[in-house]
Amino acid sequence: MSEKRNLIDITDLSVAEIGALIATAEDIAANPAKYENACAHKQLATLFFEPSTRTRLSFESAMLALGGGVLGFSEAASSSTSKGETVGDTVHTVSCYADIIAMRHPKEGAPYAAAQFSEVPIINAGDGGHNHPTQTLTDLLTIHREKGRLDNFTIGFCGDLKFGRTVHSLVNALSRQHGVKFVFISPEELKLPDYLKDNVLKKNGLPYEETSSLEEAIPQLDILYMTRVQKERFFNEADYIRLKDTYVLDTEKLVPAKKDLCILHPLPRVNEIAVAVDQDSRAAYWKQVKNGKYIRMALIMKLLGIRI
Ligand code: CP
């Protein structure tokens with residue numbers, strides 16, 4: 001039997017493996033019937049200690065579309081962790097019932113720790129303000145489908161770059177591609193963490209700039225990745241209220257943007273993209289939601305060692 005593979009950090013997958021996952025996801029989107037029994041008799045557990053709409057439901061929808069079953073919980077209060085059980089014991093227990101586990105937790109590093117107690121693959125479905133590797137796979141599939149490539153572009157990340165785990169994982173993934181220039185647009189208090197600038201960008205000599213002006217940055221961008229200010233990570237509500245509406249992308253701000261700009265957002269959106277932008281052909285965030293299911297189908301098959 002092959003060794004258990006987890007997905008805790010996006011760098012747990014090589015660039016070639018990510019390319020293969022994207023190719024599988026494209027085939028799933030084109031030929032869904034081919035995959036409808038791929039995971040027959042397999043069970044996915046979704047252990048969500050933090051709220052989710054897209055990640056949990058796309059994982060469950062993905063497993064059902066592969067012919068498998070799903071079990072799990074959507075809040076910590078309905079699991080025995082509320083009675084004092086450790087996350088390690090909870091995960092050990094669930095790994096006796098399921099073949100693969102997707103886990104979201106508010107504490108950074110919790111899925112990594114949980115993986116030490118699991119007999120089956122663990123997928124990090126978001127850990128605090130740290131990482132969100134399956135959102136990154138979704139983002140990469142969407143960029144590939146919209147742009148036809150994963151390299152040689154300028155991408156702007158706008159909003160909460162400090163706590164935005166989807167930003168951290170995507171920066172890591174794109175740092176391994178050729179010719180990507182990064183523009184980080186945020187208020188001073190929500191800048192990209194130094195550990196990413198030092199250990200990922202500077203260490204690899206990758207070009208990046210930081211600005212607080214979305215208006216000044218937008219004309220040079222090929223991709224604009226908007227993010228929500230992460231209310232749940234703030235220690236102080238006054239700071240959240242002061243910062244939450246710093247950036248609102250509307251149709252006026254898009255006037256000087258490139259005609260083939262690709263607008264992404266991991267969602268949920270609060271105020272940072274006006275609803276009118278949804279009608280703009282450059283808005284790709286609803287396609288991103290759909291792509292999340294295809295790429296998670298590809299990932300589940302890969303981690304279970306299933307080939308079609
Ligand atoms: N993008 C994302 O993680 O959304 P949810 O919080 O709804 O899962």
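Just so you know, ligand 1 is whichever comes first in the structure, and atom 1 is the first atom listed for that ligand.
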Indicate the ring-plane relationship of Phe157 and Phe182, choosing parallel, tilted or perpendicular according to the 30° and 60° boundaries.
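Answer is parallel, since the angle falls under 30°.
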Please work out which of the three classes, parallel, tilted or perpendicular, describes the rings of His105 and Phe49, given edges at 30° and 60°.
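The arrangement is tilted - the two ring planes meet at 30° to 60°.
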What distance do Glu119 atom CD and His92 atom NE2 have between them, rounded to the nearest 0.5 Å?
4.5 Å
With rounding to the nearest 0.5 angstrom, report the CG to SG distance, Asp139 to Cys262.
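Between atom CG of Asp139 and atom SG of Cys262 there are 9.5 Å.
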Test Glu209 against every option in Lys181, Lys191, Lys197 by the salt bridge (charged side-chain N to carboxylate O under 4.0 Å, His left out) rule and name the one that passes.
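Of the listed options, the one satisfying the test is Lys181.
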Check ligand 1 for N or O atoms under 3.5 Å from a protein N or O and list each pair with its distance.
residue	atom	partner	partner atom	Å
ligand 1	1 (N)	Gln135	OE1	3.0
ligand 1	1 (N)	Pro266	O	2.9
ligand 1	1 (N)	Leu267	O	2.9
ligand 1	3 (O)	Thr55	OG1	2.9
ligand 1	3 (O)	Arg104	NH2	3.0
ligand 1	3 (O)	His132	NE2	2.9
ligand 1	4 (O)	Arg54	NE	3.1
ligand 1	4 (O)	Leu267	O	3.3
ligand 1	6 (O)	Arg104	NH1	2.9
ligand 1	7 (O)	Thr53	N	2.8
ligand 1	7 (O)	Arg54	N	3.0
ligand 1	7 (O)	Arg54	NE	3.3
ligand 1	7 (O)	Arg54	NH2	3.0
ligand 1	8 (O)	Ser52	OG	2.6
ligand 1	8 (O)	Thr55	N	2.9
ligand 1	8 (O)	Thr55	OG1	2.7
ligand 1	8 (O)	Arg104	NH1	3.4
ligand 1	8 (O)	Arg104	NH2	3.3

With a cut-off of under 6.0 Å to the ring centre and 45° to the axis, is Arg296 in cation-pi contact with Phe59?
yes
